[in-house]
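These values consider heavy atoms only, across backbone and side chains, with no hydrogens, waters or symmetry-generated copies.
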Amino acid sequence: MATAPSALEINRFLDQAVRLAAANVDAGGGPFGALVVTSDGRIHEGVNHVTRDNDPTAHAEVVAIRAAAAASANFDLSGSVLYASCEPCPLCLAAALWARVDRVYFAADRHAAAAAGFDDALFYEYFEGTQPDLMPVRHTAVPASGVPFVAWRDNPDRVEY
Ligand SMILES: Nc1nc2[nH]cnc2c(=O)[nH]1
(Lines give C-alpha, C1' and ligand atoms only; values in the text may rest on other atoms or scores of the structure.)
Protein backbone atom coordinates (compact mmCIF):
# COMPACT_ATOMS: atom_id res chain seq x y z
CA MET A 1 0.00 0.00 0.00
CA ALA A 2 1.29 3.45 -0.95
CA THR A 3 2.09 5.96 1.78
CA ALA A 4 -0.71 8.30 2.81
CA PRO A 5 -0.88 11.68 1.06
CA SER A 6 0.01 14.82 3.01
CA ALA A 7 -2.70 17.00 4.57
CA LEU A 8 -1.91 19.64 1.95
CA GLU A 9 -2.46 17.18 -0.89
CA ILE A 10 -5.68 15.87 0.65
CA ASN A 11 -7.07 19.39 0.97
CA ARG A 12 -6.01 20.32 -2.56
CA PHE A 13 -7.63 17.28 -4.16
CA LEU A 14 -10.79 17.54 -2.07
CA ASP A 15 -11.12 21.21 -3.08
CA GLN A 16 -10.76 20.11 -6.70
CA ALA A 17 -13.46 17.44 -6.25
CA VAL A 18 -15.81 19.99 -4.67
CA ARG A 19 -15.19 22.41 -7.57
CA LEU A 20 -16.02 19.62 -10.03
CA ALA A 21 -19.24 18.90 -8.14
CA ALA A 22 -20.34 22.54 -8.19
CA ALA A 23 -19.50 22.87 -11.89
CA ASN A 24 -21.54 19.73 -12.58
CA VAL A 25 -24.60 21.33 -10.99
CA ASP A 26 -24.10 24.35 -13.26
CA ALA A 27 -24.00 21.89 -16.19
CA GLY A 28 -27.33 20.36 -15.12
CA GLY A 29 -25.98 17.31 -13.28
CA GLY A 30 -25.87 16.01 -9.72
CA PRO A 31 -23.79 17.73 -7.00
CA PHE A 32 -20.98 15.19 -6.84
CA GLY A 33 -17.38 15.18 -8.08
CA ALA A 34 -14.46 12.82 -7.57
CA LEU A 35 -10.84 12.23 -8.52
CA VAL A 36 -8.74 9.12 -8.68
CA VAL A 37 -5.02 9.80 -8.37
CA THR A 38 -3.26 6.73 -9.71
CA SER A 39 0.14 5.51 -8.51
CA ASP A 40 1.83 7.26 -11.46
CA GLY A 41 0.46 10.60 -10.18
CA ARG A 42 -2.09 11.07 -12.96
CA ILE A 43 -5.44 12.60 -11.99
CA HIS A 44 -8.66 11.08 -13.35
CA GLU A 45 -11.83 13.10 -12.86
CA GLY A 46 -15.45 12.08 -12.56
CA VAL A 47 -18.73 13.86 -12.04
CA ASN A 48 -22.20 12.47 -11.55
CA HIS A 49 -23.73 11.45 -14.91
CA VAL A 50 -26.81 9.62 -13.63
CA THR A 51 -29.42 11.86 -15.26
CA ARG A 52 -27.29 12.82 -18.28
CA ASP A 53 -26.68 9.19 -19.25
CA ASN A 54 -29.79 7.56 -17.72
CA ASP A 55 -27.30 5.42 -15.80
CA PRO A 56 -28.13 4.95 -12.10
CA THR A 57 -24.59 3.66 -11.51
CA ALA A 58 -22.88 6.75 -12.97
CA HIS A 59 -21.96 8.24 -9.61
CA ALA A 60 -19.00 10.62 -9.64
CA GLU A 61 -16.71 8.11 -7.93
CA VAL A 62 -17.66 5.31 -10.33
CA VAL A 63 -17.14 7.63 -13.32
CA ALA A 64 -13.68 8.57 -11.98
CA ILE A 65 -12.79 4.92 -11.32
CA ARG A 66 -13.88 3.95 -14.84
CA ALA A 67 -11.79 6.80 -16.29
CA ALA A 68 -8.74 5.77 -14.25
CA ALA A 69 -9.07 2.11 -15.20
CA ALA A 70 -9.56 2.92 -18.89
CA ALA A 71 -6.58 5.32 -18.97
CA SER A 72 -4.44 2.80 -17.10
CA ALA A 73 -5.68 -0.11 -19.26
CA ASN A 74 -6.01 -1.98 -15.97
CA PHE A 75 -8.96 -3.08 -13.82
CA ASP A 76 -6.66 -3.09 -10.77
CA LEU A 77 -6.07 0.42 -9.40
CA SER A 78 -3.88 -0.65 -6.47
CA GLY A 79 -1.77 2.27 -5.26
CA SER A 80 -4.39 4.85 -6.17
CA VAL A 81 -6.35 7.26 -3.97
CA LEU A 82 -9.98 8.30 -4.39
CA TYR A 83 -11.00 11.83 -3.40
CA ALA A 84 -14.73 12.58 -3.35
CA SER A 85 -16.70 15.76 -2.80
CA CYS A 86 -19.11 13.71 -0.68
CA GLU A 87 -18.88 10.50 1.32
CA PRO A 88 -18.98 7.61 -1.14
CA CYS A 89 -22.30 5.72 -1.04
CA PRO A 90 -22.26 1.91 -0.74
CA LEU A 91 -22.19 1.57 -4.55
CA CYS A 92 -19.13 3.83 -4.81
CA LEU A 93 -17.40 2.16 -1.88
CA ALA A 94 -17.94 -1.25 -3.45
CA ALA A 95 -16.57 0.05 -6.77
CA ALA A 96 -13.49 1.38 -4.93
CA LEU A 97 -13.01 -1.98 -3.20
CA TRP A 98 -13.28 -3.89 -6.49
CA ALA A 99 -10.84 -1.44 -8.08
CA ARG A 100 -8.44 -2.13 -5.18
CA VAL A 101 -8.12 1.60 -4.45
CA ASP A 102 -5.71 2.13 -1.52
CA ARG A 103 -7.49 4.91 0.34
CA VAL A 104 -10.53 7.17 0.19
CA TYR A 105 -10.95 10.78 1.35
CA PHE A 106 -14.22 12.68 1.25
CA ALA A 107 -15.44 16.21 2.06
CA ALA A 108 -19.20 16.40 2.81
CA ASP A 109 -20.79 13.45 4.60
CA ARG A 110 -23.84 11.23 3.97
CA HIS A 111 -26.00 13.46 6.19
CA ALA A 112 -25.26 16.50 4.03
CA ALA A 113 -26.30 14.41 1.00
CA ALA A 114 -29.51 13.40 2.81
CA ALA A 115 -30.27 17.04 3.58
CA ALA A 116 -30.01 17.72 -0.16
CA GLY A 117 -32.50 14.89 -0.92
CA PHE A 118 -30.16 11.97 -1.68
CA ASP A 119 -30.60 8.46 -0.23
CA ASP A 120 -26.95 7.74 0.65
CA ALA A 121 -27.58 7.58 4.42
CA LEU A 122 -30.69 5.41 3.92
CA PHE A 123 -28.76 2.92 1.80
CA TYR A 124 -26.06 2.72 4.48
CA GLU A 125 -28.87 1.78 6.90
CA TYR A 126 -30.01 -0.93 4.47
CA PHE A 127 -26.55 -2.50 4.51
CA GLU A 128 -26.43 -2.16 8.28
CA GLY A 129 -29.62 -4.26 8.31
CA THR A 130 -31.98 -1.66 9.76
CA GLN A 131 -33.99 -1.09 6.53
CA PRO A 132 -34.55 -4.64 5.22
CA ASP A 133 -37.87 -3.83 3.50
CA LEU A 134 -36.25 -1.34 1.15
CA MET A 135 -35.34 -4.18 -1.22
CA PRO A 136 -35.86 -7.81 -0.17
CA VAL A 137 -33.06 -10.14 -1.30
CA ARG A 138 -33.73 -13.89 -1.14
CA HIS A 139 -31.39 -16.82 -1.67
CA THR A 140 -32.92 -19.52 -3.88
CA ALA A 141 -30.38 -22.13 -4.92
CA VAL A 142 -31.05 -23.97 -8.19
CA PRO A 143 -29.32 -27.20 -9.25
CA ALA A 144 -26.96 -25.41 -11.65
CA SER A 145 -25.96 -22.67 -9.19
CA GLY A 146 -22.38 -23.87 -8.94
CA VAL A 147 -21.76 -24.61 -12.62
CA PRO A 148 -20.25 -21.20 -13.56
CA PHE A 149 -17.79 -21.40 -10.64
CA VAL A 150 -16.67 -24.89 -11.58
CA ALA A 151 -16.15 -23.68 -15.17
CA TRP A 152 -14.15 -20.71 -13.82
CA ARG A 153 -11.93 -22.85 -11.60
CA ASP A 154 -11.37 -25.30 -14.44
CA ASN A 155 -10.38 -22.58 -16.90
CA PRO A 156 -6.55 -22.35 -16.91
CA ASP A 157 -6.75 -19.09 -18.93
CA ARG A 158 -8.89 -17.22 -16.40
CA VAL A 159 -7.88 -13.66 -15.57
CA GLU A 160 -8.38 -13.30 -11.82
CA TYR A 161 -9.58 -10.03 -10.33
N1 LIG B 1 -21.01 9.96 -3.10
C2 LIG B 1 -22.02 10.06 -3.97
N3 LIG B 1 -23.27 9.98 -3.51
C4 LIG B 1 -24.27 10.08 -4.41
N5 LIG B 1 -25.60 10.00 -4.22
C6 LIG B 1 -26.19 10.17 -5.41
N7 LIG B 1 -25.26 10.32 -6.38
C8 LIG B 1 -24.05 10.27 -5.78
C9 LIG B 1 -22.70 10.39 -6.25
O10 LIG B 1 -22.40 10.57 -7.42
N11 LIG B 1 -21.73 10.27 -5.29
Side-chain angles (χ1 to χ4, degrees), residues 1-39 41-72 74-141 161:
M1 183 168 305
T3 52
S6 69
L8 202 71
E9 257 184 310
I10 295 167
N11 277 283
R12 182 161 63 88
F13 287 130
L14 286 179
D15 274 344
Q16 194 173 335
V18 170
R19 279 198 302 274
L20 284 174
N24 198 46
V25 175
D26 291 343
F32 301 94
L35 309 169
V36 171
V37 181
T38 41
S39 55
R42 285 191 297 169
I43 300 168
H44 309 273
E45 297 181 351
V47 292
N48 185 291
H49 282 165
V50 170
T51 56
R52 192 198 76 172
D53 295 351
N54 289 318
D55 179 356
T57 70
H59 283 199
E61 296 88 331
V62 174
V63 171
I65 287 168
R66 287 176 184 158
S72 309
N74 199 338
F75 51 80
D76 185 333
L77 299 179
S78 296
S80 63
V81 180
L82 171 64
Y83 298 90
S85 66
C86 183
E87 183 172 2
C89 75
L91 162 75
C92 301
L93 267 192
L97 283 166
W98 279 110
R100 312 300 173 182
V101 162
D102 273 20
R103 300 168 198 281
V104 179
Y105 297 94
F106 63 88
D109 68 13
R110 68 184 81 169
H111 307 294
F118 293 93
D119 281 337
D120 301 53
L122 180 67
F123 293 166
Y124 267 102
E125 289 173 20
Y126 176 77
F127 282 104
E128 286 158 8
T130 56
Q131 293 283 350
D133 297 337
L134 208 51
M135 184 182 67
V137 177
R138 301 283 177 262
H139 178 207
T140 308
Y161 63 93

query = For residues 4-13, which residue pairs qualify under side-chain hydrogen bond (donor to acceptor under 3.5 Å, both in side chains), counting only residues two or more places apart or in two chains?
reply = none
message = side-chain contact (heavy atoms from CB on, under 4.5 Å) for W98 and Y161? Distances and angles first, verdict last.
response = CA-CA 8 Å; W98 279 110; Y161 63 93; 4.2 Å; yes
Show me the donor-acceptor pairs, under 3.5 Å and distance only, between side chains in residues 100-108 and residues at least two apart or in other chains.
unit_1: D102; atom_1: OD1; unit_2: G79; atom_2: N; d: 2.8
unit_1: D102; atom_1: OD2; unit_2: A2; atom_2: N; d: 2.8
unit_1: R103; atom_1: NH2; unit_2: A2; atom_2: O; d: 2.8

Under 3.5 Å, which donor-acceptor pairs do the side chains of residues 113-128 form with other protein atoms, sequence neighbours left out?
unit_1: Y124; atom_1: OH; unit_2: P88; atom_2: O; d: 2.6
unit_1: E125; atom_1: OE1; unit_2: Q131; atom_2: NE2; d: 3.2
unit_1: Y126; atom_1: OH; unit_2: M135; atom_2: O; d: 2.5

key: With sequence neighbours excluded, residues passing side-chain hydrogen bond (donor to acceptor under 3.5 Å, both in side chains) with T38   = D40, H44
key: Pair listing, side-chain hydrogen bond (donor to acceptor under 3.5 Å, both in side chains) test, anchored in residues 106-115, at least two apart   = E87-R110
query = Who passes salt bridge (Lys or Arg N to Asp or Glu O under 4.0 Å) against R66, sequence neighbours left out?
reply = D55
Could you tabulate the donor-acceptor pairs under 3.5 Å formed by side-chain atoms of residues 14-37, not counting sequence neighbours?
unit_1: N24; atom_1: ND2; unit_2: G30; atom_2: O; d: 2.8
unit_1: N24; atom_1: ND2; unit_2: N48; atom_2: O; d: 2.9

ask   = Would you find more than 12 non-hydrogen atoms of other residues, nucleotides or ligands less than 6.0 Å from L97 atom CG?
value = yes
Heavy-atom closest pair, residues E61 and C86 = OE2-O, 3.5 Å
ask   = For A95, what residues pass the side chain to side chain contact (heavy atoms under 4.5 Å, CB included) criterion, not counting sequence neighbours?
value = V62, I65
ask   = side-chain hydrogen bond (donor to acceptor under 3.5 Å, both in side chains) with D76: which residues, sequence neighbours excluded?
value = S78
